[in-house]
J.: 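Pasting a structure below so you can have a look.
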Number of protein chains: 2
Amino acid sequence: MRENTTLKKIAEQLSISISTVSRALKDHPDISPETKRKVNELSELLEYDPNPYAINLRTHSSKEFAVVVPSLSNFFYHSFISAIEEEARDLSYSVIIYRSSNDPKIEQQILKSCRHKRVSGIFIAITSETTDIEPFLKLDTHGIPVIFFDKVPQYESCNKICVGDEHAASIAANEIFKKGISNVIGIFGDKNMSITQARLKKFNEVLFKDDKEMNLKMVHAKSSDEAEQLTLSLIPDFIGKKFAIFCMSDEILAGTMKAIQRLGLKMPNDLGVIGISDGMIPKLFYPEITYAETSGYNLGKLAFSRMMRCIAGSSFAQTIIDESKLVQGGSI
Amino acid sequence: MRENTTLKKIAEQLSISISTVSRALKDHPDISPETKRKVNELSELLEYDPNPYAINLRTHSSKEFAVVVPSLSNFFYHSFISAIEEEARDLSYSVIIYRSSNDPKIEQQILKSCRHKRVSGIFIAITSETTDIEPFLKLDTHGIPVIFFDKVPQYESCNKICVGDEHAASIAANEIFKKGISNVIGIFGDKNMSITQARLKKFNEVLFKDDKEMNLKMVHAKSSDEAEQLTLSLIPDFIGKKFAIFCMSDEILAGTMKAIQRLGLKMPNDLGVIGISDGMIPKLFYPEITYAETSGYNLGKLAFSRMMRCIAGSSFAQTIIDESKLVQGGSI
DNA sequence: CTGAAAGCGCTTACAG
DNA sequence: CTGAAAGCGCTTACAG
């Protein structure tokens with residue numbers, strides 16, 4: 001096994017001191033051009049690369065960001081991470097991706113490891129079970145900025161970057177409204193989730209904004225399968241009427257679409273379908289599903305710029321909401 | 001910002017030496033029970049956690065594995081990573097996930113960073129553009145085992161863990177055969193990919209194993225859209241016959257399914273569909289698509305045990321092929 | 001312009 | 001059973 005090149009080795013070969021080599025390599029003004037040239041040449045030759053552990057031990061900084069998500073099998077998080085990585089690369093930070101598996105215990109371990117590694121900052125979508133946010137606040141105390149995204153705590157005074165749940169729901173509701181559809185099934189997620197509450201409330205509100213008569217049936221599904229069953233049981237009452245189904249999330253949309261295929265119904269004639277999505281699932285069907293887009297990519301860009309402001313010293317906590325836009329498929 | 005607890009701080013408070021604290025903490029037999037008790041107590045109280053940078057600098061070991069994949073938006077990789085993380089956690093290793101974005105340059109950067117970090121080992125699915133595998137072999141020289149999985153280089157003498165392309169293709173072909181279907185459309189991926197070649201060859205071979213008459217049309221699609229277009233243009237010739245479509249991958253399946261929905265055809269009566277998949281996409285349709293399963297999870301378990309054997313000193317390079325199994329949907 | 005020295009937080013061979 | 005010391009590879013204030 002070949003030894004790694006160190007400053008010492010370069011210094012010895014050039015018969016100069018380690019300090020000089022170190023300075024030459026970082027283009028310190030004190031060092032003569034001639035020395036710099038020699039040092040750079042040799043370090044190229046020997047493929048010198050500084051030992052990050054030594055640097056960190058010395059400087060207490062890692063130039064690393066951590067992104068923590070409950071799950072990776074999620075297009076939304078995937079595009080969020082892409083955005084972070086793009087930005088990070090430009091500033092020669094690296095990005096470590098952690099997966100909490102939606103388990104608060106694992107989340108705590110990850111957090112601890114982030115602290116020990118003295119990462120420069122953390123982007124995190126918390127688990128649905130996370131109750132104690134004390135450890136997150138403590139990291140801020142330790143000088144490690146924490147930016148919450150997507151799944152964020154209730155607690156007020158922290159940095160949060162969220163999808164505009166209300167906005168997305170209102171876009172979807174408006175589209176239904178504009179199509180003159182007055183029979184609507186709304187399938188929402190777990191009652192206890194804050195995004196369910198936000199989306200439901202706004203959806204309802206917009207749909208009833210005029211005093212137009214509306215026949216709205218709202219239900220909750222905790223899984224794709226449940227959404228499928230609910231859709232199957234609800235549709236019969238709507239057959240023959242002009243109606244639409246709103247799916248609050250990709251998971252629900254997947255279940256609903258299975259039911260629709262099972263019943264052999266065609267969009268947009270037999271019924272309309274509209275969702276809120278990051279855009280992968282809706283594109284698997286024909287016609288493609290119309291949806292209000294929640295973009296992980298946008299969210300990532302917003303989160304990153306917030307992070308850089310924190311690193312620059314801003315201690316002001318802020319909640320940023322990303323707006324969504326309607327993406328037309330042919331399903332409604 | 002609160003300072004981190006160090007060995008020194010504990011030693012001072014207890015008026016003993018740093019060495020003793022260090023030893024007590026790792027339950028060294030030399031140290032008296034009494035001292036151990038005191039040290040452990042105080043370190044609990046002060047929430048002592050060793051500085052990983054210092055340890056690494058000293059011991060040259062990181063207890064960290066790297067997993068490098070071209071993309072995260074891929075259920076297969078996701079389940080591979082899950083398997084690795086499970087195993088790693090048991091041995092208190094941590095796992096860093098890197099994404100090469102299918103760019104060999106980024107892949108090289110990641111590799112370099114793995115080397116500097118002296119990760120304990122690397123699991124990697126290389127990019128489709130990766131030609132130079134020299135740097136990977138060099139890592140082995142540096143004592144960092146590299147296990148290739150899924151997308152592996154041609155080069156013989158390295159550790160590779162692969163999906164059984166031939167086996168999966170033969171399972172799918174056999175199922176078509178067993179159903180007595182003799183008109184078949186086979187949609188394959190990019191001609192240049194080794195998995196395309198392996199799958200195509202075996203599929204063809206099994207389908208023609210008896211001398212039964214077979215009407216097989218094989219085409220290549222580079223994208224989901226292309227698969228959709230091909231399906232649309234090929235189906236008319238098969239309508240009325242008893243026929244099936246084989247989709248080599250999820251990407252192709254997604255395109256083909258869009259075409260089928262567009263034409264309003266029903267499985268399994270109008271046609272049969274069968275694929276090779278990790279199982280997420282097939283479950284989005286009704287009826288669910290029958291597929292030969294390539295399990296990222298299995299692959300991960302296999303890769304991990306291979307890794308541990310490498311770390312234990314095995315230098316013998318090995319190629320391991322994971323078998324697949326048929327998962328019945330109702331599509332054929 | 002260059003170098004010697006201290007120190008980041010740990011581990012471990014050596015000495016007692 | 002415990003401690004002093006060296007050293008992992010770097011950076012940087014200090015001195016010249």
Side-chain angles (χ1 to χ4, degrees), chain A residues 1-40 42-43 46-64 112-113 115-119 142-143, chain B residues 1-40 42-43 46-64 112-113 115-119 142-143:
Chain A
M1 160 163 173
R2 215 195 64 200
E3 289 303 309
N4 275 317
T5 305
T6 62
L7 290 185
K8 191 174 166 197
K9 207 182 289 178
I10 298 178
E12 275 166 5
Q13 293 208 22
L14 256 29
S15 305
I16 55 178
S17 78
I18 295 175
S19 339
T20 304
V21 177
S22 174
R23 290 194 188 97
L25 250 15
K26 30 174 55 83
D27 205 19
H28 190 109
D30 269 1
I31 307 296
S32 75
E34 174 60 8
T35 308
K36 281 181 187 167
R37 198 187 50 70
K38 281 197 290 194
V39 169
N40 280 313
L42 187 58
S43 79
L46 299 179
E47 299 181 41
Y48 172 72
D49 265 307
N51 179 323
Y53 295 95
I55 294 178
N56 186 290
L57 193 56
R58 196 47 235 257
T59 65
H60 294 209
S61 87
S62 67
K63 291 274 252 176
E64 262 181 352
K112 199 189 250 188
S113 135
R115 182 152 62 86
H116 300 157
K117 295 180 110 160
R118 306 190 240 216
V119 299
H142 281 250
Chain B
M1 158 162 173
R2 214 196 66 201
E3 287 303 309
N4 275 317
T5 304
T6 63
L7 291 185
K8 193 173 164 197
K9 208 182 288 179
I10 298 177
E12 275 167 2
Q13 294 208 19
L14 255 29
S15 304
I16 55 179
S17 78
I18 294 174
S19 339
T20 304
V21 176
S22 174
R23 289 193 188 98
L25 249 16
K26 30 174 56 79
D27 205 18
H28 190 105
D30 270 2
I31 306 297
S32 75
E34 174 61 10
T35 308
K36 279 180 189 167
R37 198 188 50 69
K38 281 197 292 195
V39 169
N40 281 313
L42 187 59
S43 80
L46 299 180
E47 298 181 43
Y48 172 71
D49 266 306
N51 180 323
Y53 295 95
I55 294 179
N56 187 290
L57 192 56
R58 196 44 237 256
T59 66
H60 292 209
S61 87
S62 67
K63 293 273 253 175
E64 261 182 352
K112 200 188 250 186
S113 132
R115 183 153 63 84
H116 300 157
K117 295 180 111 160
R118 308 191 237 214
V119 297
H142 281 252

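Below, chain A is the first sequence line, B the second, and so on; all start at residue 1.
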J.: Atom NE2 of A/H28 and atom P of D/dC14: how far apart are they, to the nearest Å?
T.: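 In whole Å, D/dC14 P lies 14 Å from A/H28 NE2.
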J.: Considering only side-chain heavy atoms of A/S22, which listed nucleotide, D/dA5, C/dG3, D/dT12, is closest?
T.: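 Comparing D/dA5, C/dG3, D/dT12 against the side chain of A/S22, the answer is D/dT12.
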J.: Quick one: B/N51 CG to D/dC8 P, roughly how many Å, whole number?
T.: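 Atom CG in B/N51 sits about 18 Å away from atom P in D/dC8.
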J.: Tell me: NZ of A/K8 to P of C/dA5, nearest whole Å?
T.: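 The distance from NZ of A/K8 to P of C/dA5 comes to 15 Å, rounded to the nearest Å.
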J.: If the P atom of C/dA6 is compared with that of C/dT2, how far apart are they to the nearest Å?
T.: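 To the nearest whole Å, 23 Å.
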J.: What's the shortest heavy-atom distance between A/K36 and A/I31, and which atoms?
T.: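 It is CE-O, 3.5 Å.
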J.: Quickly work out the B/K38 NZ to D/dC1 C1' distance and round it to whole Å.
T.: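 Atom NZ in B/K38 sits about 13 Å away from atom C1' in D/dC1.
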J.: Under 4.0 Å, heavy atoms only, any strand: does A/K26 hit a base, just the sugar-phosphate, or nothing?
T.: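 Counting heavy atoms under 4.0 Å across all strands, the contact made by A/K26 is with sugar-phosphate only.
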J.: For A/I18, answer base if it contacts any base atom (sugar-phosphate contacts may also be present), sugar-phosphate if it contacts only those atoms, and nothing otherwise; contact means non-hydrogen atoms under 4.0 Å.
T.: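 Touches a base.
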J.: List the atom of A/T5, the atom of A/Y48, and the distance in Å for their closest heavy-atom pair.
T.: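 That closest heavy-atom pairing would be O-CD1, 3.4 Å.
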J.: For B/S17 and D/dG3, is the shortest distance between a side-chain N/O and OP1 or OP2 below 4.0 Å?
T.: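 Looking at the OP1 and OP2 atoms of D/dG3, one of them is under 4.0 Å from a side-chain N or O of B/S17.
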J.: Suppose you measure atom P in D/dC1 against the same atom in D/dA5; what distance do you get, rounded to whole Å?
T.: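 Per the computed distance, 24 Å lies between those P atoms.
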J.: Using only atom types and a distance under 3.5 Å, with no angle test, would you say the side chain of A/N56 pairs donor to acceptor with the backbone of A/P52?
T.: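 Looks like no, no N/O pair under 3.5 Å.
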J.: I want to confirm an ordering. Mapping B/A54 and B/P29 to their closest nucleotides on DNA chain D, which one lands closer to the 5' end?
T.: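 By nearest-heavy-atom nucleotide position, the 5'-most residue is B/P29.
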J.: From the list C/dT2, D/dC10, C/dC10, which nucleotide is the closest neighbour of the side chain of A/I55?
T.: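 Given the options C/dT2, D/dC10, C/dC10, the side chain of A/I55 is closest to D/dC10.
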J.: So if I take every side-chain heavy atom of B/T6 and compare against D/dT2, C/dC8, C/dC10, which nucleotide ends up nearest?
T.: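 Of D/dT2, C/dC8, C/dC10, C/dC10 is nearest to the side chain of B/T6.
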J.: Given D/dT12, D/dC10, C/dC10, identify the nucleotide with an atom nearest to the side chain of A/R23.
T.: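 Closest of the options to the side chain of A/R23: D/dT12.
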J.: Between D/dC10 atom P and A/K9 atom NZ, what is the distance in whole Å?
T.: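 Value for this atom pair: 10 Å.
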J.: State which of D/dC10, D/dC1, C/dT2 makes the closest approach to the side chain of B/P33.
T.: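 The listed nucleotide nearest to B/P33's side chain is D/dC1.
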J.: Can you tell me the distance, in whole Å, between the CD1 atom of B/I16 and the P atom of D/dG3?
T.: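 The distance from CD1 of B/I16 to P of D/dG3 comes to 6 Å, rounded to the nearest Å.
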J.: Taking 4.0 Å as the cut-off, does a side-chain nitrogen or oxygen of A/T35 come that near to OP1 or OP2 on C/dT2?
T.: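 It does, given that an N or O in the side chain of A/T35 lies less than 4.0 Å from OP1 or OP2 of C/dT2.
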J.: Taking atom OG1 of B/T6 and atom CG of B/D49, what is their separation to the nearest 0.5 Å?
T.: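 The distance works out to 12.0 Å.
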J.: Walk me through whether A/E12 and A/K9 qualify under salt bridge (Lys or Arg N to Asp or Glu O under 4.0 Å).
T.: CA-CA 5 Å; A/E12 275 166 5; A/K9 207 182 289 178; over 6 Å; no
J.: What is the pairing partner of C/dA13, taking Watson-Crick or G-U wobble pairs with both distances under 3.5 Å in any strand?
T.: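 Across all strands, not a single nucleotide pairs with C/dA13.
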J.: Do you know which two heavy atoms are closest between B/I18 and B/A11, and how far apart they sit?
T.: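 Closest approach of B/I18 to B/A11, heavy atoms only: N-CB, 3.8 Å.
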J.: Mapping A/Y48 and B/S15 to their closest nucleotides on DNA chain D, which lands nearer the 5' end?
T.: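 Taking each residue's closest nucleotide, the earlier one in sequence belongs to B/S15.
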J.: Could you please name the option among C/dG3, C/dC10, C/dG9 that lies closest to any side-chain atom of A/L57?
T.: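 The nucleotide sitting nearest to the side chain is C/dG9.
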J.: What integer distance in Å separates B/L7:CG from C/dC8:C1'?
T.: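 In whole Å, C/dC8 C1' and B/L7 CG are 13 Å from each other.
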J.: Measure from CG on A/D27 to P on C/dC1 and round the result to the nearest Å.
T.: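 Rounding to the nearest Å, CG of A/D27 and P of C/dC1 are 12 Å apart.
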J.: With both distances under 3.5 Å as the test, what is the Watson-Crick or G-U wobble partner of D/dA4?
T.: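 D/dA4 is unpaired by these criteria.
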J.: From the set D/dC8, C/dA4, C/dC1, return the single nucleotide nearest to any side-chain atom of A/S32.
T.: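 Side chain of A/S32 sits closest to C/dC1.
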